[in-house]
2 protein chains.
Amino acid sequence: MSRALYLRIADTLRQRILSGGHPVGDLLPSENELSEAYRTSRVTVRKAMNILEGEGYIKARQGKGYIVQPPRHAVFTLIFGEEDTRHEFRCLEVGIIEPPEHAARSLALKEGDLVVVIRRILDREGIPLAYDEKFLPYERGRPTVELELGYSEFADYFSDRFSALALRTEMRVRATLPPAHVRLALGSGEERLLAVDRLVVSPAGERIGFSREYLTPEFGPLRAFSGRSGSAENAPNPIP
Amino acid sequence: MSRALYLRIADTLRQRILSGGHPVGDLLPSENELSEAYRTSRVTVRKAMNILEGEGYIKARQGKGYIVQPPRHAVFTLIFGEEDTRHEFRCLEVGIIEPPEHAARSLALKEGDLVVVIRRILDREGIPLAYDEKFLPYERGRPTVELELGYSEFADYFSDRFSALALRTEMRVRATLPPAHVRLALGSGEERLLAVDRLVVSPAGERIGFSREYLTPEFGPLRAFSGRSGSAENAPNPIP
DNA sequence: TAGGTTGACATGTATATACAAGTTATACAA
DNA sequence: TTGTATAACTTGTATATACATGTCAACCTA
């Protein structure tokens, strides 16, 4: 038997969108029209639509229809460093401080607001891999269990307060010269560092935490894979 | 009305997986068992399963069941630089050469194989933003229209030979000191560069192209967003 | 004219059903 | 013992149907 009908419907609609037959913002034919056109049921058409929606080509609006979406950016699966578990964290500093300017701005703090700070070194067998600063808005009275934060992401830590999947993370990566306190902590005269800023935002828009990491070359490159839905198995590693 | 039933089923199963109730490799209860347990139809249970499968928690195996998957890496939407279209490419070199060692290795070329090379500078209003090298395996007799390659990705360019969606891209990002010829081309004494290697692979595993880009600080940071399925609208930009 | 109602039509959720096709353990035959 | 049917599971595909809910334009009323 050939490909399933709902896949073939998705294929032809996808092709029609890609070839410009349905420009961005266009309303696709309704489910009823399509099910008549393909002489099939509405349920089967919906399966095709769900696929295209998952791929980002269209967006469903109840009561309105399916709207063709602008081409979205490539989706990558990001992997930090090697899957090597021999690394350890050395905590340098934990406390409640006035936030440095960049953290205050990212967390949208008001003048005088305090933050919980955690500064750590990641190393593997004595070799420093990364310097890591985390900033969490300090709420008077909230238990500061979070001072014990391990390497887990904010998202992991806050998965009880929020559904981990609901949290949104924004990252910025740049090459940088380390500030003095980082260079000192990392020991060597490292100059080729990757700086990774992360901001974790709750579904309600509350800024939950901000972290800045400085990655040394020993940490390894930041790797990303696109194509197919992010399962690790189809991501072998041809780039040497 | 409360949340839809299929969403609630997905929620409770997700929670059960996250809390270790169903370890990795475990087989979930079958659709029939679940539809009895929740006193609903198999179709509704399947909707829940499809969600969890899309989120990577489980994987369906026909004839077998739903298998709990290992936690997958976060999926990010990557954005390069600003959405500023005032930039231009200046082509430095186009030709057919013996590949440099890193390109030959990434493309898995044999001794003596040649590549088409394109070296370009990206700049905005006279300021260099990036240095870009692309390498394509040279096939004798293939028309070298590709010498005209614009800023389009390989994926765009080869979308006629392959479905653009089928192509897989692997990226590596690191901070680097530029090699001499790049420093020369970029003019200034730039030292804080992001190096981005990309390898594009066809569905059959054929290595289609390799590119190496050196991004200056003026190019802007590499940005990534996670959470929700990669639509651009829910990615405003709080990190300043 | 301004504002509210209604109805046609869109997608969202849910049920019941049927058959196709992959998997596996068990029973049985060579 | 080894191989092969078979039966009882599993998920995959597809249909027909019902009602809930969001959207919007046309119409009606004050």
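Only heavy atoms go into these numbers, but all of them, side chains included; no hydrogens, no water, no symmetry mates. Within every chain, numbering begins at 1; the chains are lettered A, B, ... in the order of the sequence lines, protein sequences first and strands thereafter.
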Nearest-angstrom distance from the residue atom CD of B/Gln62 to C1' of D/dT11:
5 Å
Residue matched to C/dA2 through Watson-Crick or wobble contacts both under 3.5 angstrom:
D/dT29
Sugar-phosphate, base or nothing in reach of B/Arg61, heavy atoms under 4.0 Å:
sugar-phosphate
Base, sugar-phosphate, or nothing for B/Ser30, non-hydrogen atoms under 4.0 angstrom?
sugar-phosphate
Roughly how many Å is it from CG in B/Asn50 to C1' in D/dT13, rounded to a whole number?
12 Å
Side chain of A/Thr44, heavy atoms from C-beta onward: which of D/dT15, C/dT13, D/dT11 has the nearest atom to it?
D/dT15
Which one, D/dA14, C/dA14, D/dT10, comes nearest to the side chain of A/Leu5?
D/dA14
What verdict does the ring-ring contact (aromatic ring centres under 6.0 Å, His included) test give for B/His22 and B/Tyr57, after you've listed the backbone C-alpha separation in whole Å, the side-chain angles of each residue and the deciding distance to 0.1 Å?
CA-CA 10 Å; B/His22 294 291; B/Tyr57 289 106; over 10 Å; no
Can you figure out which of C/dG12, D/dT11, C/dT15 approaches the side chain of B/Asn32 most closely?
D/dT11
Atom CG of A/Leu7 to atom P of D/dG12: distance rounded to whole Å?
12 Å
Atom CZ of A/Arg46 to atom C1' of D/dA16: distance rounded to whole Å?
15 Å
Please determine whether side chain to side chain donor-acceptor pair (under 3.5 Å) holds for the pair B/Tyr66 and B/Glu53, giving the CA-CA distance in whole Å, both sets of side-chain angles, and the decisive distance to 0.1 Å.
CA-CA 9 Å; B/Tyr66 289 93; B/Glu53 187 167 20; 5.5 Å; no
Nearest listed nucleotide, side chain of B/Glu31, among D/dT15, D/dG12, C/dT15:
D/dG12
Candidate nucleotides C/dA16, D/dT23, D/dG12, ranked by approach to the side chain of A/Lys64 - the nearest:
D/dT23
Is a donor-acceptor contact shorter than 3.5 angstrom present between the side chain of B/Arg42 and the base of D/dG12?
yes
Give the rounded distance in Å between these two atoms: NZ of A/Lys59 and P of C/dG12.
12 Å
Rounded to whole Å, CG of B/Leu34 lies from P of C/dA14 at a distance of 15 Å
